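Given the structure is predicted, the values throughout are model-derived calculations rather than measurements. Reminder, nothing fancy here: chain letters follow the sequence lines and each chain counts from 1.
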Amino acid sequence: MAERIAVIDFETTGMSPAQGARPTEVGVAMIEGGVIVARYQSLMNAGAWVPPFIEQLTGISNAMLRGAPPVAQVMAEVADFVGDAPLLAHNAAFDMKFWDAELGLLGRRRTRDFACSLLLSRRLLPEAPSHKLGSLNSWAGLPGTGQAHRALADAEMAANLTLHLQQLLWARHEIRADHGYLCALQKLSAAKVRGLLRLDA
DNA sequence: TGCCAGGCCCTCTTTAGGGCCTT
C-alpha cells in the first residue's frame with residue numbers, strides 16, 4: 001500500500017507563536033500513490049488581530065475571521081483529518097511551530113516527523129533561481145493551484161513539488177523516496193547530498 | 001526606549017556575516 005503524506009500549510013497573523021502569532025487558516029493536501037487523494041481547508045478564529053500587511057498578503061481579513069469557526073474546533077478537525085500520516089511543509093520549521101503550539105493548546109501532541117520541501121528542493125534542485133514555493137513551482141513547470149498565500153493552494157503547491165522531487169529521485173537515481181527517506185535526506189548537508197547523488201556531475 | 005524568529009547555506013568562513021524562506 002502506498003504511503004500517505006500530509007502536506008500542510010498555515011496562514012497566520014505573524015512569524016512565530018512565541019511572538020503571539022496565531023493561525024488564521026490551515027490547508028492540507030494528502031498525497032498517496034503519486035497524486036493528491038484528499039484535501040482539507042478551513043479558516044479559523046483564534047481571536048487574533050490580522051495586521052494590514054498580512055491581510056494584503058493573504059487576502060484573509062479580520063471580517064472574514066469573525067465568521068470563521070473557533071480555532072480549537074478547526075485544529076481538532078484537521079488533526080483528525082491528518083491522523084497518523086507523516087507530515088511535510090515548505091519551510092517546515094515555520095508550520096511545525098504553529099502545528100505543535102496549537103495542538104498543545106488542545107492537549108494533543110504530534111507523533112510524526114515533519115519533512116521540509118524547502119530543504120529538499122535546495123538539495124535536489126540547487127540550480128533553481130529561487131526556492132520560494134511559487135517560484136519553484138513555476139520554474140519546474142508544475143500546475144497552478146489557485147490563489148497563492150491561501151492555505152490549500154499553497155499546500156497543493158508543496159504537494160505537487162514533493163511529488164516532483166520523488167519522481168526526480170526515481171527517474172535519475174531509482175530511489176523510492178518515502179517520507180523516512182526524505183527526512184533522512186534533508187538532514188544531510190547540501191554538499192553531501194550533491195556528492196551522494198552526483199548532482200554536480 | 002527600541003527592538004523583537006530561527007534554521008539553513010554560502011563564502012571574500014570556521015575567532016563571521018549576510019541572504020534566504022515561511023506569515
Side-chain angles (χ1 to χ4, degrees), chain A residues 6-29 41-65 68 71 74-75 78 87-104 110 113-140 142 145-162 164-165 182-197 199-200:
Chain A
V7 183
I8 289 174
D9 185 77
F10 277 111
E11 305 305 321
T12 73
T13 62
M15 294 306 299
S16 170
Q19 296 176 293
R22 300 296 301 277
T24 58
E25 185 176 48
V26 63
V28 180
Q41 174 170 256
S42 180
L43 292 168
M44 62 186 109
N45 186 348
W49 177 70
V50 182
F53 166 73
I54 301 290
E55 186 171 328
Q56 189 167 25
L57 178 72
T58 65
I60 298 170
S61 67
N62 288 292
M64 289 164 68
L65 296 184
V71 61
V74 174
M75 288 306 304
V78 71
L87 302 149
L88 182 145
H90 197 71
N91 197 7
F94 175 86
D95 295 277
M96 184 169 65
K97 281 187 295 189
F98 284 93
W99 183 260
D100 289 351
E102 296 298 332
L103 285 193
R110 174 169 57 88
D113 283 339
F114 257 93
C116 176
S117 57
L118 171 62
L119 294 180
L120 290 164
S121 63
R122 280 177 173 163
R123 283 153 177 70
L124 298 172
L125 302 172
E127 70 276 28
S130 163
H131 292 90
K132 287 182 184 176
L133 182 58
S135 303
L136 263 178
N137 274 47
S138 299
W139 177 81
L142 300 173
T145 58
Q147 184 186 348
H149 295 297
R150 289 301 297 264
L152 184 57
D154 282 4
E156 287 193 36
M157 270 202 288
N160 288 335
L161 175 61
T162 301
H164 176 73
L165 294 174
L182 296 177
C183 284
L185 194 64
Q186 74 187 25
K187 287 176 184 166
L188 299 176
S189 72
K192 191 159 189 173
V193 170
R194 279 199 299 274
L196 191 66
L197 299 179
L199 296 176
D200 292 329

Q: Could you tell me whether S189(A) contacts a base, only the sugar-phosphate backbone, or nothing, with contacts defined as non-hydrogen atoms closer than 4.0 Å?
A: nothing
Q: Whole angstroms only, please: what is the CG-P distance between N91(A) and dG19(B)?
A: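 Roughly 18 Å, once rounded to whole Å.
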Q: Can you say whether a donor on the side chain of R122(A) sits under 3.5 Å from an acceptor on the base of dC21(B), or the other way round?
A: no
Q: With DNA chain B as reference, determine whether A18(A) or H90(A) sits nearer its 5' end, using the nearest nucleotide of each.
A: A18(A)
Q: Using a 4.0 Å heavy-atom cut-off, does F53(A) contact any base of the nucleic acid, only the sugar-phosphate backbone, or nothing at all?
A: base
Q: Of the nucleotides dT22(B), dC8(B), dA5(B), which one has an atom closest to the side chain of R123(A)?
A: dC8(B)
Q: In whole Å, what separates the C1' atom of dG18(B) from that of dT13(B)?
A: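 Nearest-Å result for dG18(B) against dT13(B) at atom C1': 12 Å.
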Q: Find the distance M157(A):CE to dC21(B):P and express it as a whole number of Å.
A: 14 Å
Q: With a 4.0 Å cutoff (strictly under), does any side-chain N or O of H131(A) reach OP1 or OP2 of dC20(B)?
A: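 Checking dC20(B) against H131(A), no side-chain N or O comes under 4.0 Å of OP1 or OP2.
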Q: What distance, rounded to whole Å, do you find between the two C1' atoms, one in dC9(B) and one in dT14(B)?
A: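 Nearest-Å result for dC9(B) against dT14(B) at atom C1': 14 Å.
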Q: Give D9(A) one of three labels, base, sugar-phosphate or nothing, depending on what nucleic acid heavy atoms sit under 4.0 Å from its own.
A: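 Here D9(A) touches the backbone only, sparing every base.
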Q: Do E25(A) and R150(A) sit within salt-bridge range, that is, some charged N less than 4.0 Å from a carboxylate O?
A: yes
Q: What integer number of Å spans the C1' atoms of dA5(B) and dT23(B)?
A: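 Looking at atom C1' only, dA5(B) and dT23(B) are 11 Å apart.
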Q: Take atom CD1 of I8(A) and atom P of dT23(B), then tell me their distance rounded to the nearest Å.
A: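 Result: 14 Å.
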Q: Check whether any side-chain nitrogen or oxygen of H149(A) sits under 4.0 Å from OP1 or OP2 of dT23(B), and answer yes or no.
A: yes
Q: For the side chain of A190(A), counting heavy atoms from C-beta on, which of dT22(B), dG6(B), dC9(B) is nearest?
A: dC9(B)
Q: Could you tell me whether the side chain of S135(A) and the main chain of H131(A) form a donor-acceptor pair under 3.5 Å?
A: no
Q: Looking at every strand, decide which applies to L118(A) at a 4.0 Å heavy-atom threshold: base, sugar-phosphate, or nothing.
A: sugar-phosphate
Q: Separation of L57(A) atom CG from dT22(B) atom C1', in whole Å?
A: 10 Å
Q: Roughly how far apart, to the nearest Å, are dG19(B) and dC4(B) at atom P?
A: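 My reading of the P atoms in dG19(B) and dC4(B) gives 15 Å.
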Q: T13(A) side chain to A48(A) main-chain N or O, any donor-acceptor pair under 3.5 Å?
A: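 Absent.
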Q: Could you check whether any side-chain N or O of D9(A) sits under 3.5 Å from a backbone N or O of G27(A), counting only pairs where one atom can act as donor and the other as acceptor?
A: no
Q: Please report, rounded to the nearest Å, how far the P atom of dG7(B) is from the NZ atom of K187(A).
A: 15 Å
Q: Quote, to the nearest angstrom, the C1' distance that separates dG6(B) from dC12(B).
A: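 Roughly 25 Å separates the two C1' atoms.
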Q: Could you check D95(A) against Q186(A) and say which one's nearest nucleotide on DNA chain B is further toward the 5' end?
A: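 Upstream on the strand: Q186(A).
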Q: Go through dT23(B), dA5(B), dC8(B) for me and flag the one nearest to the D154(A) side chain.
A: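 Looking only at heavy atoms from C-beta outward on D154(A), the closest nucleotide is dT23(B).
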Q: Determine yes or no for a side-chain-to-main-chain donor-acceptor pair under 3.5 angstrom, with R123(A) supplying the side chain and L119(A) the backbone.
A: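 Yes: the side chain of R123(A) pairs with the backbone of L119(A).
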Q: Look only at the side chain of D154(A) and the backbone of H149(A), and say whether a donor-acceptor pair between them is shorter than 3.5 Å.
A: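 Judged by distance alone, yes, a pair lies under 3.5 Å.
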Q: Starting at CZ of F98(A) and ending at C1' of dT22(B), how long is that distance when rounded to a whole Å?
A: 9 Å
Q: Heavy atoms under 4.0 Å, any strand shown: does T24(A) hit a base, just sugar-phosphate, or nothing?
A: nothing
Q: What is the distance, rounded to the nearest whole Å, between atom NZ of K97(A) and atom C1' of dT23(B)?
A: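 Distance check: K97(A) NZ to dT23(B) C1' gives 10 Å.
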Q: How close or far is atom P of dC8(B) from atom NZ of K192(A), stated in whole angstroms?
A: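 Spelled out: NZ on K192(A) to P on dC8(B) is 16 Å.
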